[in-house]
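Note that the structure is a prediction, hence the values are computed from the model and not measured. Read the numbers this way: they start at 1 and go in the same order the structure lists the ligands and their atoms. Just the heavy atoms: all of them, side chains too, but no hydrogens, waters or symmetry mates, feed the values below.
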Amino acid sequence: MTIALYPGSFDPATNGHVDIAKRAAKIFDQLVIGVFDAPPKKLLFDTEERVSLFEEAMADVGNVTVRTYKGLTIEFAKEISASAMVRGLRANSDFEYEFEMAMMNRNMDPSIEVVCMMTRIEYQFLSSSLLKEVCSLGGRIDNLVPRHVEKALHEKLTVA
Ligand code: ADP
């Protein structure tokens, strides 16, 4: 059985993340979405919220679980017996960073393969950070996130 880990901050999960996760779930027997507990960036949603928002988005897919993890991603991949790590690639913005991370991870454990999947064209310019900025200014985001994520963003950003 092949298990893959899709790690990230997912603050919050967007349609770009959901699309990668659904496509990866078709390739691997089991997909574990790993929500990194404390990424080095300012977060809008806490860990439990980021987990449950992604969980709800994947509710109709049977072979996916969403878990939180601390520490090195590669250690969590080993802990769950993953043979691959999935990452999403947008043109221009992601390649150098993903390449560096993949090399660093391979240096720590060459047995875990990094599989990069290309984004869909409509999510090419979508990032969680830009999404939050646009939403906080009242811009349209309904075609970029699942409905429940849009609702959570509006609630969080109106209260904030
Ligand atoms: P990070 O893991 O760097 O904190 P994110 O949580 O935003 O970043 O993203 C997790 C993974 O999803 C990364 O591989 C990232 O490149 C990918 N990703 C982010 N946005 C998109 C998108 N719009 N389309 C496809 N993949 C994406």
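- The protein heavy atom nearest to atom 18 (N) of ligand 1 is His17 CD2, 3.8 Å.
- The ligand atoms of ligand 1 that sit less than 4.0 angstrom from a heavy atom of Asp94 are 16 (O).
- A salt bridge links Glu79 with Arg67: at least one charged nitrogen is closer than 4.0 Å to a carboxylate oxygen.
- The nearest pair of heavy atoms linking Leu153 to Cys135 is CB-SG, 3.9 Å.
- Atoms of ligand 1 found under 4.0 Å from any heavy atom of Tyr123, numbered from 1 in the order shown, are 22 (C), 23 (N).
- Between Arg87 and ligand 1, at least one N/O pair is under 3.5 Å apart.
- From the protein, the heavy atom lying nearest to atom 16 (O) of ligand 1 is Gly88 O, 2.7 Å.
- The side-chain heavy atoms of Arg147 and Lys151, taken from C-beta on, include no pair separated by under 4.5 Å.
- Between Lys42 and Asp11 there is no salt bridge, since no side-chain nitrogen of the basic residue lies less than 4.0 Å from a carboxylate oxygen of the acidic one.
- The aromatic rings of Phe54 and His17 sit tilted relative to each other, their planes meeting at an angle between 30° and 60°.
- For a threshold of 3.5 Å applied to N or O pairs, the pair formed by Tyr97 and ligand 1 contains no separation below that value.
- Residue-to-ligand polar distances keep Ser127 apart from ligand 1: every N/O pair is separated by 3.5 Å or more.
- Between Arg50 and Asp46, none of the side-chain N atoms (NZ, or NE/NH1/NH2) sits under 4.0 Å from a carboxylate O, so this pair counts as no salt bridge.
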Evaluate the criterion salt bridge (Lys or Arg N to Asp or Glu O under 4.0 Å) for residue pair Lys22 and Asp60; output intermediate values, then yes/no. CA-CA 10 Å; Lys22 287 192 171 170; Asp60 57 341; 3.8 Å; yes
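- Interatomic distance, Glu98 CD to Leu89 CG, rounded to the nearest 0.5 Å: 6.0 Å.
- The distance criterion of under 3.5 Å between nitrogen or oxygen atoms is met by Leu126 with respect to ligand 1.
- For atom 12 (O) of ligand 1, the closest non-hydrogen atom of the protein is Tyr6 OH, 2.9 Å.
- Only the side chain of Arg90 comes within 4.0 Å of ligand 1, counting heavy atoms alone; its backbone N, CA, C and O stay farther away.
- Nearest to atom 6 (O) of ligand 1 among the protein's heavy atoms is Ser9 N, 2.8 Å.
- For Lys41, the heavy-atom gap to ligand 1 drops under 4.0 angstrom.
- Residue Leu72 holds its CG atom at 10.5 Å from CE of Met104, rounded to the nearest 0.5 Å.
- Below 3.5 Å of separation, one finds no N or O of Gly8 facing any N or O of ligand 1.
- Contact annotation: Glu98 has at least one heavy atom less than 4.0 Å from an atom of ligand 1.
- With Thr14 contributing its side chain and Leu144 its backbone, the two residues share no donor-acceptor pair below 3.5 Å.
- The shortest N/O to N/O separation between Leu89 and ligand 1 does not fall below 3.5 Å.
- Residue contacts with ligand 1 for Gln124 are absent, since no atom lies close enough (heavy atoms, distance under 4.0 Å).
- Set against the non-hydrogen atoms of Ile20, the atoms of ligand 1 under 4.0 Å away are 25 (C), 26 (N).
- Scanning the protein for heavy atoms near atom 24 (N) of ligand 1, the closest one is Thr119 OG1, 2.8 Å.
- Asp109 and Ser111 share a donor-acceptor pair across their side chains, judged by distance under 3.5 Å alone.
- Ligand 1 does not have Thr14 within reach: every non-hydrogen atom of the residue lies 4.0 Å or more from it.
- In the hydrophobic clustering of this structure, Phe76 does not group with Val86; members are Ile, Leu, Val, Met, Phe, Trp, Tyr whose side-chain heavy atoms approach within less than 4.5 Å, directly or through other members.
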